[in-house]
Amino acid sequence: MLHKFKKIDYSIVFILVILMGISILSIYSTTFGRPKLEGLPKSAVIFYILGFVVFFGMSMINYKFIIKNYLYIYGVGMLLLIFVMFFGKEYYGAKGWLSIFGVSLQPAELFKLCLIVFLSAFLARKKNRPLYFGRDVIPISLCVLPPLLLVLLQNDLGNALSYVVILVGLLWIGNIKFTHALIGFMIAVAAFIGGTQAYIHYHDEIVKFLNDIGRSHWADRFDPWLVPELTSRDVLWQTYNAKLAIGSGGITGKGYMEGTTIQSNRVPLAYADSIFVQIGEEFGFIGASVLLLLYFILIHRLVLIALECKDRAGPYLIVGIIAMLLYQIFVNIGPFIGLMPLTGITLPFISSGGTSIMINMISMGLVMSIKVHTEENEDILGSAEQPSITDLVRKLLRRKPSQQEQ
């Protein structure tokens, strides 16, 4: 056991400790003087302590065991997504939280890790062979479709889009053919340009449609980004004040707990989805740059571990985690500097939220497990090279194939 602790990358541990400090200080600043939120800093400390326990615990577990049970992990994740549809609690328009012993759990956040494990195991069985569009890409994508639709039904657009990003990242490193990747990229660009232009030119019709299907808050997120001149002051409130706060922070910021916009509570959810605004206003360009530098160093260390891994599944797991982190960082910060619409997603390791902190720490523990156990070359994925969706379903149901199927 001791020799495993010696293999841990303590530079990553050091970065996580710094991010924990930033998170707790930022949450305290954004909740100070607000009785209803005064317990959030303490909760963040507790979740981070638990997170580090889980981090070191995950590091000691051979990640190959997790990969071996990828079907069960995917199945449990799907059951939680279905369960929350019927028994979940609604916060900020999204019905995606379960209350377990007084602790809120967001299955959509947890499923990101389940999806990464599932796709990594599936792709690792390909043994780095090229992915065929009909036999590989389509079936893999279909496995992502059910959770994507379930999370969209929960009104959680941000987490639903993260599944697509994880899929794309893993398909890219999974040796998808360049022509297929190029075609997919062109389709995505065309859809993005066409979609934004259609939203601008047919704004009223689209807003009416969103109102009819109960997704009017989606328009409130897209309007400030694409058609600010048509947007009401109430809808512009968050992004306008966020940009004002970040801009007023200047180079060095106004000082800790001296941010006038943040301290006057003019930015909603400043302790959660909008926590970057507090960093920008109170610590300025330098503070925001330091945070981004920490993210860069963390991701750089993850890439190095992936390159050193001798197993097939390890690099896929790390790339999936990197894709998840990059997506969350970009989607969280982007709206506050005018790059994209608000989607309501947490800033990794910084935002308040027990589920978010624990999932991120579990992810880092999984990466560390890869580093610690990379010398163990046993292949527990089996000899199957190209499992079909039928094989996966059969294994999930634990049904033996009939003689006709054989």
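By convention here, the first residue in the shown sequence is residue 1. Keep in mind it's a predicted model, so treat the numbers as computed, not measured.
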What heavy-atom pair brings Pro228 and Leu236 nearest, and what distance separates the two atoms? O-CD1, 3.8 Å
When you compare the side chains of Asn159 and Lys112, does any donor N or O come within less than 3.5 Å of an acceptor on the partner? yes
Report yes if the distance between the aromatic ring centroids of Tyr28 and Phe32 is under 6.0 Å, otherwise no. yes
Atom CD1 in Ile12, atom CZ in Arg301: separation rounded to 0.5 Å? 6.5 Å
Is the backbone N or O of Arg266 less than 3.5 Å from a side-chain atom of Asn241, with the two atoms forming a donor-acceptor pair by type? yes
Exercise: identify the closest heavy-atom pair between Pro335 and Thr239: O-CG2, 4.5 Å
Could you measure the distance from the CG atom of Leu326 to the OG atom of Ser162? Nearest 0.5 Å is fine. 12.5 Å
Tyr72 side chain near Asn69 side chain, heavy-atom distance below 4.5 Å: yes
Report the C-alpha distance between Phe330 and Leu339 in whole Å, list the side-chain angles of each, state the deciding distance to 0.1 Å, and finish with yes or no for side chain to side chain contact (heavy atoms under 4.5 Å, CB included). CA-CA 9 Å; Phe330 181 77; Leu339 293 180; 4.2 Å; yes
For Gln106 and Thr355, the nearest pair of non-hydrogen atoms, with its separation, is N-OG1, 3.2 Å
Crowding at CZ, Phe222 (>12 non-hydrogen neighbours, <6.0 Å): no
Might you confirm whether atom OH of Tyr256 has over 12 heavy atoms from other residues, nucleotides or ligands at distances under 6.0 Å? yes
Please answer whether the main-chain N or O of Leu25 pairs with a side-chain N or O of Ser29 as donor and acceptor at a distance below 3.5 Å. no
Is a donor on one side and an acceptor on the other found under 3.5 Å between the side chain of Asn332 and the backbone of Ser274? no
Please report the shortest heavy-atom distance between Leu157 and Tyr327, naming the atom on each side. O-OH, 4.5 Å
Is there a side-chain contact between Asp220 and Leu342 in this structure, where contact means two heavy atoms from C-beta onward sitting under 4.5 Å apart? no
Beyond-backbone contact of Ile246 with Phe285, side-chain heavy atoms, under 4.5 angstrom: no
Is a side-chain donor-acceptor pair under 3.5 Å present for Ser59 with Lys4? no
Determine, stepwise, if the pair Leu123 / Leu131 fulfils side chain to side chain contact (heavy atoms under 4.5 Å, CB included). CA-CA 9 Å; Leu123 291 171; Leu131 298 179; 3.9 Å; yes
Could you go through Thr30 and Gln263, starting from their C-alpha distance and side-chain angles, then the distance that decides it, and tell me whether this counts as side chain to side chain donor-acceptor pair (under 3.5 Å)? CA-CA 7 Å; Thr30 55; Gln263 299 304 322; over 6 Å; no
Does some side-chain heavy atom of Leu302 sit less than 4.5 Å from a side-chain heavy atom of Leu325? yes
Are the aromatic rings of Phe349 and Tyr295 close, with centres under 6.0 Å apart? no
For Arg221 and Pro341, indicate whether the former's side chain and the latter's backbone hold a donor-acceptor pair under 3.5 Å. no
Kindly compute the distance separating CD1 (Ile305) from OG (Ser369), expressed to the nearest 0.5 Å. 11.0 Å
Tell me the closest heavy-atom pair linking Pro147 and Leu81, and the distance in Å. CB-CD1, 3.7 Å
Look at Lys208 together with Asp204 and state whether they make a salt bridge at an N to O cut-off of under 4.0 Å. no
Atom CG of Leu148 and atom CG of Leu152: how far apart are they, to the nearest 0.5 Å? 5.0 Å
Is a side-chain donor-acceptor pair under 3.5 Å present for Ser26 with Gln278? yes
Just wondering, more than 12 heavy atoms not from Tyr202 lying within 6.0 Å of its OH? no
Met324 CE to Ile329 CD1 distance, which is reported to the nearest 0.5 Å: 10.0 Å
Ring centres under 6.0 Å, that's the criterion: do Phe111 and Tyr74 meet it? yes
Determine, stepwise, if the pair Arg129 / Asp136 fulfils side chain to side chain contact (heavy atoms under 4.5 Å, CB included). CA-CA 11 Å; Arg129 292 184 175 90; Asp136 300 311; over 6 Å; no
Using side-chain heavy atoms (C-beta onward) and a distance below 4.5 Å, is Phe83 in contact with Leu98? yes
Pairing donors with acceptors under 3.5 angstrom, does anything connect the side chains of Thr31 and Glu38? no
Are the side chains of Glu282 and Glu258 in contact, using a 4.5 Å heavy-atom criterion? no
Would you indicate whether Tyr240, at its atom OH, is surrounded by more than 12 heavy atoms from other residues, nucleotides or ligands within a distance under 6.0 Å? no
Under 3.5 Å, is there a donor-acceptor pair between the side chain of Thr252 and the main chain of Gly284? no
For Leu317 and Ile67, run side chain to side chain contact (heavy atoms under 4.5 Å, CB included): C-alpha distance rounded to whole Å, both residues' side-chain angles, the deciding distance at 0.1 Å, then the answer. CA-CA 9 Å; Leu317 286 170; Ile67 285 292; 3.7 Å; yes
Heavy-atom check, side chain of Ser23 versus side chain of Ile27, under 4.5 Å: yes
Of all the heavy-atom pairs spanning Tyr316 and Gly174, show the shortest one and how long it is. CE2-CA, 3.6 Å
With distance as the sole criterion, is a donor-acceptor pair present between the side chains of Asp223 and His203 under 3.5 Å? yes
Would you kindly say whether Glu281 and Thr261 are connected by a side-chain donor-acceptor distance under 3.5 Å? yes
Rounded distance (nearest 0.5 Å) linking atom OG1 of Thr346 with atom CG of Asn360: 6.5 Å
Taking atom types as modelled and ignoring hydrogens, do the side chains of Ser356 and Gln328 form a donor-acceptor contact shorter than 3.5 angstrom? no
Would a 4.5 Å heavy-atom cut-off, applied to side chains only, mark Ile321 and Met364 as touching? yes
